[in-house]
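Here is the structure we will look at.
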Amino acid sequence: MTAIESIIQSATAEALKTLFGADVPAKQITINDTRKEFDGDVTVVIFPLLRFTKKKPEESGELIGAYLKDNLDIVEGFNVVKGFLNIGLTKSYWHGVLQYIYDHEQFAFGPSGGQKIMVEYSSPNTNKPLHLGHLRNNILGYAVSGLLEANGHEVIKTNLINDRGIHICKSMIAWQKWGNGETPASTGMKGDHLVGKYYVEFDKQYKLQIIQLVAQGFTEAEAEKQAPLMMETQEMLRQWEAGNEEVMSLWRTMNQWVYDGFEETYKNLGVSFDQIYYESDTYLIGKEVVMEGLEKGIFFKKEDGSVWVDLTDRGLDEKILLRADGTSVYITQDIGTADKKYADHHMDRSIYVVGNEQDYHFKVLKEICLKLGRKHAEGIQHFSYGMVDLPSGKMKSREGTVVDADDLMAEMIETVKQRTEELGKIDGFTEAEAEELFKTIALGALKFFLLRIEPRKGMLFNPEESIDFHGYTGTFTQFNYARIRSIVRKFESKDNIPDIIPSVDWESLEMELVQMISRFPRMLADAGEQLNPAAVVDYAYNLAKHYSKYYAEVPILGIQDVEVKTFRVMLSAVVARTIKQAFAIVGINVPERM
RNA sequence: GGCCGCGUAGUUCAAUGGAUAGAACAAGAGUUUCCUAAACUUUAGAUGCAAGUUCGAUUCUUGCCGUGGCUACCA
């Protein structure tokens with residue numbers, strides 16, 4: 001089905017050619033949806049065309065409008081307001097659109113055969129559990145992946161686990177000293193939380209040592225370096241790099257606890273990965289690449305033996321790639337991982353879902369890969385999103401204001417349960433069905449809340465608002481889906497839904513709904529191009545909102561006329577399908593009853 | 001200091017350079033013999049400041065003010 005936009009664009013270009021002898025590329029012609037307060041369905045913006053028509057806006061509009069009416073049988077009429085040519089399309093055109101959409105369930109999705117795109121998201125450290133910030137990352141990463149798939153791209157979802165380095169050694173040291181052999185099994189604690197507990201314990205004890213040392217006359221900086229705990233941790237890191245079996249064994253054990261914990265969280269969240277990379281596997285590749293660059297003279301060595309890259313010609317600074325002692329820094333492993341990812345998949349693009357605090361890091365990474373002449377360099381794209389703040393301010397682990405991901409999900413489910421029971425919404429549900437409903441609503445609320453804001457922007461997470469069920473929420477959208485399903489079930493219990501949508505007169509709300517649905521493909525394409533799941537969520541909500549008004553004002557099953565009733569049910573079914581599809585793309589489920 | 005973002009109703013968010021800047025929450029006033037009231041209707045309320053480009057600027061440019069991030073041999 002050709003989009004109405006391009007039909008009008010081409011015809012307008014044709015009109016300009018015929019009437020004024022002007023060659024204007026069809027795509028340059030601006031087409032808008034006609035604003036509600038004017039008559040018409042689509043609008044051609046005439047102002048930019050005046051230099052071709054050499055006439056006043058009104059006159060130009062009239063001439064082009066007349067041409068379109070004469071040459072396009074789907075044009076029923078037109079009017080010109082200032083520089084805007086509003087075009088009304090025939091009823092039979094819209095009826096045909098609706099029938100087409102009804103028949104083609106996948107009408108909004110892009111054709112397959114797009115690019116091969118890797119999306120890396122989540123990428124946690126293994127020293128503590130996931131928190132609210134990770135939640136935004138995971139939900140965005142999953143949604144962006146779905147959005148790209150919906151646009152016909154092949155997506156490889158990956159997770160790069162940051163499983164080595166000083167942070168995990170801190171948890172290990174603390175567990176050795178004060179853990180008393182605790183395990184997830186012995187404590188009943190989720191593995192990631194158990195390891196996180198010892199990370200916190202380390203920090204506590206470490207601070208005490210610093211205070212003591214400062215009291216003994218050391219400066220703060222000296223104390224931080226010389227605290228026995230820190231010395232021990234650094235020694236452990238050296239032993240890890242040397243492959244000390246005892247250390248490796250503890251490392252493997254504790255990391256496994258964390259992986260098991262993460263897996264549970266991912267499962268509850270409903271996100272997944274096609275491949276998991278571990279930094280412990282890739283950081284050595286990074287070192288090799290750096291040495292390669294050094295040999296080729298792309299990088300240089302300083303007197304102390306550290307290796308650097310000079311990016312001043314690209315407007316950036318010099319950046320260290322290997323420490324003087326030969327150990328790698330953060331970007332070292334990223335260079336290696338980028339190589340490995342490409343060797344594994346040969347993708348066209350590689351998207352990194354990482355917070356905007358690392359904007360500079362990814363600029364540097366891309367420049368380095370470019371300097372190295374890597375084929376994958378151009379395809380590196382940092383999907384940068386803003387931080388999540390709380391009403392009380394920034395989340396700070398030191399001040400214990402971090403919102404834990406598992407706790408948050410559990411609390412939201414509990415709130416949904418209470419509210420749902422109060423409203424008597426689960427009469428006739430089995431216990432399993434009820435549990436599933438609570439989860440669908442709670443996670444829908446959470447995901448909608450995190451996705452509704454444009455990724456680039458920082459966001460405020462207000463716990464009370466996030467679990468609000470009214471207004472601009474996932475719950476409202478789900479509710480309208482469930483209402484439609486209820487109607488369709490009732491209709492189907494008595495009548496069959498035909499293949500052909502009855503041709504009846506439309507209410508204005510029905511016309512609005514059809515037009516909204518017809519914009520689904522364009523919305524998906526735009527959102528996919530801009531990597532903006534917020535647009536998808538916004539679309540689904542708006543469709544639900546319009547339907548809600550329709551539902552309140554227009555009787556559906558209550559109407560006598562069978563044709564009208566059937567039409568309304570079929571239109572409703574298409575609305576429901578669209579809401580479900582839009583939500584599914586960004587990872588939100590919908591309930592059949594609620 | 002330098003670099004990169006962001007400033008829109010009381011609040012949280014929208015608006016490919018297009019018409020009278022949209023929602024939601026909160027506040028006020030209403031709606032249920034009828035398909036799920038987790039609903040609907042309705043009132044009031046906003047582009048930080050100053051220039052510039054343009055037929056037209058919330059959008060693009062510059063300056064100022066405010067705010068956040070980066071500016072680690074942390075990740």
Side-chain angles (χ1 to χ4, degrees), chain A residues 30-32 34-38 43 45-48 50-51 57 81-84 86 123 125 127 162 164-167 279 302 304 306-308 315-317 319-325 327-334 354-361 363 384 386-387 389 391 394 416 419-420 422-425 441 449 452-454 456-462 464-466 468-473 475-480 482-491 522 526 529-530 534-535 538 541-542 545 548-559 565 568-569 572 593-594:
Chain A
T30 308
I31 309 290
N32 290 340
T34 303
R35 292 185 65 118
K36 239 182 172 177
E37 54 269 34
F38 300 98
T43 296
V45 183
I46 299 297
F47 295 111
L50 299 183
R51 61 196 177 99
V81 181
K82 290 187 276 182
F84 299 94
N86 303 316
S123 304
N125 291 348
N127 61 330
N162 182 8
R164 56 147 228 126
I166 199 86
H167 56 274
E279 193 193 314
K302 288 200 176 175
D304 64 356
S306 55
V307 180
W308 294 70
L316 304 171
D317 294 324
K319 176 81 184 175
I320 189 160
L321 303 177
L322 276 182
R323 296 190 185 100
D325 65 1
T327 57
S328 60
V329 293
Y330 176 47
I331 201 149
T332 320
Q333 68 82 20
D334 257 344
V354 179
N356 63 10
E357 58 196 353
Q358 294 192 36
D359 285 356
Y360 184 75
H361 172 81
K363 264 185 203 166
S384 169
M387 296 290 104
D389 290 334
K394 289 176 63 66
V416 168
R419 183 86 183 122
T420 306
E422 275 168 26
L423 290 170
K425 290 277 186 179
I441 296 173
F449 193 80
R452 67 195 237 278
I453 290 156
E454 204 182 328
R456 182 169 32 90
K457 294 189 176 169
M459 69 169 292
L460 188 74
F461 186 87
N462 185 326
E464 284 167 28
E465 282 178 23
S466 73
D468 193 351
F469 304 127
H470 308 283
Y472 193 45
T473 63
T475 311
F476 174 89
T477 312
Q478 290 172 326
F479 173 65
N480 281 287
R483 274 163 142 187
I484 297 175
R485 296 301 301 156
S486 171
I487 283 180
V488 173
R489 277 194 303 273
K490 281 184 181 161
F491 183 87
R522 200 172 83 210
D526 289 348
E529 213 161 293
Q530 295 161 21
D538 188 68
Y541 165 77
N542 269 310
K545 192 178 96 130
S548 189
K549 186 179 169 71
Y550 176 61
Y551 183 94
E553 291 182 11
V554 179
I556 299 167
L557 296 177
I559 196 89
K565 191 201 307 192
R568 290 180 181 173
V569 169
S572 299
R593 291 185 292 155
M594 71 183 276

- Determine the Euclidean distance between corresponding P atoms of C13(B) and U32(B); express it in Å to zero decimal places. 36 Å

Taking the same atom, P, in A9(B) and in A21(B), what whole-Å distance lies between them? 15 Å

Sorted by chain and residue number, the side chain to side chain contact (heavy atoms under 4.5 Å, CB included) partners of Asp317(A) (sequence neighbours excluded) come out as Tyr360(A)

Does [X] reach a base, just sugar-phosphate, or nothing at all? Heavy atoms under 4.0 Å.
X: Ile453(A); result: sugar-phosphate
X: Asp325(A); result: nothing
X: Asp304(A); result: base
X: Thr473(A); result: nothing
X: Gln478(A); result: nothing
X: Asn86(A); result: base
X: Thr327(A); result: nothing
X: Pro48(A); result: base
X: Glu454(A); result: sugar-phosphate
X: Val329(A); result: sugar-phosphate

Those stems involving RNA chain B that have three or more consecutive Watson-Crick or G-U pairs, both distances under 3.5 Å, are B:1-7 with B:65-71, B:10-13 with B:22-25, B:27-31 with B:39-43, B:48-52 with B:60-64

Would you say the side-chain atoms of [X] pair up with the backbone N or O of [Y], donor to acceptor, closer than 3.5 Å?
X: Thr327(A); Y: Arg323(A); answer: no
X: Asn125(A); Y: Asn127(A); answer: no
X: Arg568(A); Y: Pro555(A); answer: yes
X: Thr43(A); Y: Asn86(A); answer: no

For G22(B), does OP1 or OP2 lie under 4.0 Å from any side-chain N or O of Arg35(A)?
yes

Separation of U12(B) atom P from Tyr472(A) atom OH, nearest Å, is 16 Å

Whole-Å distance, Ile46(A) CD1 to U54(B) P, equals 22 Å

Any Arg164(A) side-chain heavy atom under 4.5 Å of Ser328(A) side chain:
yes

Open item on the list: I want to check something: taking the side chain as every heavy atom from C-beta on, are Asp468(A) and Phe449(A) in contact at a cut-off of under 4.5 Å?
Closed with: no

Using a 5.5 Å cut-off between ring centres and planes within 30 degrees, is Phe38(A) stacked on the base of A19(B)?
yes

Expected string for nucleotides 1-11 of chain B under the B/S/- scheme (protein heavy atoms, under 4.0 Å, primed atoms plus P, OP1, OP2 as sugar-phosphate) is ---SSSS----

Given protein heavy atoms under 4.0 Å, the one-letter contact record of nucleotides 33-41 of chain B, with B base, S sugar-phosphate only and - none, is simply --BBSBSSS

Residues passing the ring-ring contact (aromatic ring centres under 6.0 Å, His included) test with His361(A), sequence neighbours excluded, are Tyr330(A)

Nearest-nucleotide check on RNA chain B, Lys82(A) vs Asp317(A); residue mapping nearer the 5' end is Lys82(A)

Ranking Glu357(A) and Asn542(A) by the position along RNA chain B of their nearest nucleotide, the one closer to 5' is Asn542(A)

Among the nucleotides C74(B), U12(B), C70(B), whichever has the atom closest to the side chain of Arg323(A) is C74(B)

Lys302(A) meets the salt bridge (charged side-chain N to carboxylate O under 4.0 Å, His left out) criterion, sequence neighbours left out, with Glu318(A)

Point to revise | Cation-pi, Tyr551(A) ring and Arg483(A) (6.0 angstrom, 45 degrees) | key: yes

